[in-house]
Amino acid sequence: MESPRTKNAFHNAHLVERGVLWALLVMLLGIAALATLQLFADIVQVIASRDGWQVISPDELFFVFEALFLVLIALELLETIVLYLKERVFHVGGIILVAITAIA
């Protein structure tokens with residue numbers, strides 16, 4: 001049987017865990033919003049630097065896709081944190097998806 005001190009310690013640990021997760025969620029939301037704005041600015045810059053109907057160079061295309069994948073990784077991490085806050089269980093599929101996207 002658990003003592004009241006043990007129950008209180010577990011409760012406090014859970015509150016700290018939730019607080020840290022909420023802080024991470026808020027920071028990640030800010031990062032995702034800023035990354036999306038930066039992606040938009042990068043796309044506008046690539047389009048504006050075109051002379052007529054020139055084809056986008058592989059370097060420019062890689063630059064845009066890199067920014068796009070960064071936003072996708074941030075969104076997947078957000079979803080993972082939200083699901084953990086709701087269910088208190090990490091979904092391995094979401095974490096693997098983030099890892100595969102990061103590798104790509």
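Each residue takes its place number in the sequence, starting with 1. Since we're looking at a predicted model, the values are computed, not measured.
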Find out if a path of hydrophobic residues (ILVMFWY) with successive side-chain heavy-atom gaps under 4.5 Å connects I31 to L75. no
What heavy-atom pair brings L21 and L85 nearest, and what distance separates the two atoms? CB-CD2, 3.7 Å
In terms of side-chain heavy atoms, does E17 have a donor or acceptor partner in Y84 at a distance below 3.5 Å? yes
Same hydrophobic cluster for W22 and V16, using side-chain heavy-atom links shorter than 4.5 Å among ILVMFWY? yes
Can you tell me how far apart CG (L72) and CZ (F65) are? Round to the nearest 0.5 Å. 10.5 Å
Linking Ile, Leu, Val, Met, Phe, Trp and Tyr by side-chain heavy atoms under 4.5 Å, what else ends up with F40? V44
Value rounded to 0.5 Å, distance of CG in N8 from NE2 in H11: 7.0 Å
Point-to-point distance, once rounded to the nearest 0.5 Å, from CG of L24 to CG of L78: 10.0 Å
Kindly work out whether a path of hydrophobic side-chain contacts (I/L/V/M/F/W/Y, heavy atoms less than 4.5 Å apart) joins I73 to V82. yes
Interatomic distance, CD1@I100 vs CD@E76, rounded to 0.5 Å, equals 10.5 Å
Could you tell me which non-hydrogen atom of L39 sits nearest to which non-hydrogen atom of V71, and how far apart they are? CD2-CG2, 4.4 Å
What's the separation between atom CG in L70 and atom CG in L34, rounded to the nearest 0.5 Å? 10.5 Å
If I take atom CE from residue M27 and atom CD1 from residue I81, how far apart are they, to the nearest 0.5 angstrom? 8.5 Å
Side chain to side chain donor-acceptor pair (under 3.5 Å) partners of Q38, counting only residues at least two apart: D42
Shortest non-hydrogen contact between A74 and L28, atoms and distance: O-CD2, 3.9 Å
Got a sec, which residues hit side chain to side chain donor-acceptor pair (under 3.5 Å) with R88, two or more places apart in sequence or on another chain? H14
Check whether V20 and L25 end up in the same hydrophobic cluster, where Ile, Leu, Val, Met, Phe, Trp and Tyr are linked by side-chain heavy atoms less than 4.5 Å apart. yes
